[in-house]
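Here the structure is laid out as structure tokens; the discussion comes afterwards.
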Amino acid sequence: MLKGYNLIGQAESAEGDQVLQVFSTVAQETLPENFIVATAEEIDEAVNKATIAFETYKNVSPLRRAVFLETIAEEIMAVGDLLIQRAMLESGLPEGRLTGERGRTTGQLKLFAELLREGSWVEAVIDTALPDRKPLPRADLRKMLVPIGPVAVFGASNFPFAFSTAGGDTASALAAGNPVIVKAHEAHLGTNELMASAVRAAIEKCGMPDGTFSFVIGSGAVTGRQLVKHPGIKAIGFTGSFTAGMSIFKTASNERETPIPVYAEMSSINPVLLLPQKLQNDHEAVAIMLAGSVTLGAGQFCTNPGVLFLMDDEASAALINKLAELLANVPAAPMLNPAVCNNYYKSRQSLASDEAVTTIYYGEDNASAYKGSPALLQVSDAAFISNPALQHEVFGPASLVVVCKTRASMLQALQSLQGQLTGSVIGENKDIENFADCIAALSSKVGRVVYNNIPTGVEVCHAMVHGGPFPATTDARSTSVGTEAIKRFVRPVCLQDCPHDFLPEALKNDNPLGIMRKLNGQYTNEMIEFES
């Protein structure tokens, strides 16, 4: 039974007089539950509780934080099928996709727990004192990463589990030692409440301080702005549209007395470089791979391949024809919510109406049924280079083909790209050798280069980079997926000549945590021994 409350620390709260409801594109109706919009006072209380909790939670041992994250994962699974069924109703996503996403969500919580147990992520660096150095002695200097304070997380519409309430931003911030306040996404408020109940139960079981986790309900323009401007918030995690992300970024940078970092994943068309030898040998298999990726989940992935670069030759023409044929056989699929659906058709129409763009395949408008149909459009390299508007993201099952007259013009088109999350190279080894300059240009624009595959999926692991140059994200130096995501919510601190008894365990001479450290320029997990 959903209650529609805000969670302020461990306390349910519903003081406001405004409500939100969720529209289901599956049921094609507004769901009956009322969710109470948080008041300014409730938001303030959530941040104040988080600020107080931080003083305790930042000192919770890595082992206890690891157990806490694992307990959250266990509690998510304990919610059972109710979680999957509610998310299906609110997001329009199929059961299999959501079951897999739940596994990814619990898996990333457990991965961060493993990271905490191993411990080297704190990047301990020790330069021992050199009292006899001439002409000046060196002090004892020891550095490590420490948590920054309460983090506000904005849930994403297209991943109701993995990028929302208990998703990657929340997991990485909690792992680093920071309390989290989630701004629940308006499109899946029931799912948020169920996920939050799991976090709440884990806090109680593990004895974490009240205020370690909260969530608030409301619109991004009002509730989100209040969160971002609150002086107690020290960083933001966001996944969503370019417009919303930039609004948060500008508010955090310009409208606060103290600016804070915003890690926003916003917009990406994920270019695919289709090279000639590969298309000559196997254009049908490439077309099948592309069609599957373009239409997977109605194209509502941040890694959806939105622009395809290829040479103007017979193999490319065959690829385009086959891809159009395959897309024409894919039925329209439910989209996440009415806003996403309407924006898709509006963006698709805007792209198709450009005088330089040719329509290859254009599925019928199914906006009245809240379903997205595929589209394939084409443009010349010269037109793409001269018109940056052709790079605007069309969030849904559509792609733009850029036909390049020469290798030089392909290089120029790739150099004109804005920042992206991913780029794919589809080619034989000879292609990769012959188009090395084009691949280098592509690599300079993306956070991840994928060879002979389409990056619809994102592996949660240590090496993953899910980020990229602006406007894909606000900070190309970070990732929102994988264990490196923890680095977003920490800062380095150097301790100079600190008495040994007062050093953090990660910096003590005997290395009680057994972690890898950089000692006088060399990596080691050995203890520091001094001559008597």
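Looking at heavy atoms from C-beta onward, D365 lies out of side-chain contact with S373 at the 4.5 angstrom threshold. Between Q418 and I269, the closest side-chain pair of non-hydrogen atoms is not below 4.5 Å. Residues R488 and D475 have side chains not in contact (no heavy-atom distance under 4.5 Å, counting atoms from C-beta outward). Within the 4.5 Å cutoff, no side-chain heavy atoms of N337 are placed close to those of F23. Side-chain contact between F35 and E186 is absent, with no heavy-atom pair separated by less than 4.5 Å. Between L83 and M195 the shortest side-chain heavy-atom distance falls below 4.5 Å. Two residues are said to be in side-chain contact when any heavy atoms from C-beta on lie closer than 4.5 Å; L7 and F213 meet this criterion. Two residues are said to be in side-chain contact when any heavy atoms from C-beta on lie closer than 4.5 Å; F395 and V340 meet this criterion.
Under a cutoff of 6.0 Å and an axis angle of 45°, R97 and F159 form a cation-pi pair.
A side-chain donor-acceptor contact under 3.5 Å links S416 to the backbone of A413. Counting only distance, with no hydrogens or angles, the side chain of Q391 and the backbone of P388 share no donor-acceptor pair below 3.5 Å. Judged by distance alone, with hydrogens and angles left aside, the side-chain atoms of S399 form a donor-acceptor pair with the main-chain N or O of P305 at under 3.5 Å. Between the side chain of K322 and the backbone N or O of A287, no donor-acceptor pair lies under 3.5 Å. Between the side chain of N329 and the main chain of E325, a donor-acceptor pair closer than 3.5 Å is present. Panel note: side chain S386, backbone A383; a donor-acceptor pair is recorded below 3.5 Å. Of the possible donor and acceptor atoms, none in the side chain of S247 sits under 3.5 Å from a partner among the backbone N and O of A244. Judged by distance alone, with hydrogens and angles left aside, the side-chain atoms of Q378 form no donor-acceptor pair with the main-chain N or O of I360 at under 3.5 Å. Formation of a donor-acceptor pair under 3.5 Å by the T25 side chain with backbone atoms of P334 is not found in this model. N452 places a side-chain N or O within donor-acceptor distance of the main-chain N or O of G427, the cut-off being under 3.5 Å.
The existence of a salt bridge linking E114 and R117 is excluded, since no basic side-chain nitrogen approaches an acidic carboxylate oxygen closer than 4.0 Å. Between D437 and R407 a salt bridge is recorded (basic side-chain N to carboxylate O distance below 4.0 Å). Between E193 and R86 there is no salt bridge, since no side-chain N of the basic residue sits under 4.0 Å from a carboxylate O of the acidic one.
There is a side-chain donor-acceptor pair under 3.5 Å between N270 and T422. Looking only at atom types and distance, the side chain of Q420 has a donor-acceptor partner in the side chain of S268 under 3.5 Å away. Under the 3.5 Å distance criterion, with hydrogens and angles disregarded, no donor-acceptor pair is assigned to the side chains of R448 and T479. Using a 3.5 Å distance cut-off with no hydrogens or angles, the side chains of E90 and T191 do pair a donor with an acceptor.
In this structure, T406 OG1 and Q412 CD are separated by 8.5 Å, a value rounded to the nearest 0.5 Å. With values rounded to the nearest 0.5 angstrom, F309 atom CZ is found 8.0 Å from L273 atom CG. Distance CG/L414 to CD1/I385: 9.0 Å, rounded to 0.5 Å. In this structure, CG on L390 lies 9.0 Å from OG on S380, to the nearest 0.5 angstrom. The CG atom of L376 lies 5.0 Å from the CG atom of L323; values are rounded to the nearest 0.5 Å. Distance check: L319 CG to L290 CG gives 6.5 Å after rounding to the nearest 0.5 Å.
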Residue pair V216, V182: steps toward the side chain to side chain contact (heavy atoms under 4.5 Å, CB included) verdict: CA-CA 6 Å; V216 293; V182 170; over 6 Å; no
Residues R104, V481; criterion side chain to side chain contact (heavy atoms under 4.5 Å, CB included); working and verdict: CA-CA 11 Å; R104 168 180 165 176; V481 177; 3.7 Å; yes
Between H392 and L351, is a side chain to side chain contact (heavy atoms under 4.5 Å, CB included) present by the stated rule, with each step listed? CA-CA 8 Å; H392 290 170; L351 183 60; over 6 Å; no
Between T483 and W121, does a side chain to side chain contact (heavy atoms under 4.5 Å, CB included) hold up when you go through it step by step? CA-CA 9 Å; T483 55; W121 70 274; over 6 Å; no
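Under the side chain to side chain contact (heavy atoms under 4.5 Å, CB included) rule, F238 has a single partner from D169, I248, V153, which is I248.
Under the 30°/60° scheme for interplanar angles, the aromatic rings of Y263 and F489 are found to stand perpendicular.
For the residue pair T223 and K183, the shortest heavy atom distance occurs at CG2-CG, 4.1 Å. What you find for S164 and H188 is that their closest heavy atoms are OG-CE1, 3.4 Å. Across L89 and S24, no two heavy atoms sit closer than the pair O-OG, 2.6 Å. Residues L109 and A171 share a closest heavy-atom pair of CD2-CB, 3.6 Å. Taking every heavy atom of both residues into account, L227 and I233 meet most closely at O-CG1, 3.3 Å. Residues A202 and I72 share a closest heavy-atom pair of CB-CG1, 3.5 Å.
Heavy-atom contacts from other residues, nucleotides or ligands closer than 6.0 Å to CD of E314 number 12 or fewer. Atom NZ of K110 has 12 or fewer heavy atoms from other residues, nucleotides or ligands within 6.0 Å. Atom CG of N254 has more than 12 neighbouring heavy atoms from other residues, nucleotides or ligands inside a 6.0 Å radius. For K371, the NZ atom sits in a loose shell: 12 or fewer heavy atoms of surrounding residues, nucleotides or ligands are nearer than 6.0 Å.
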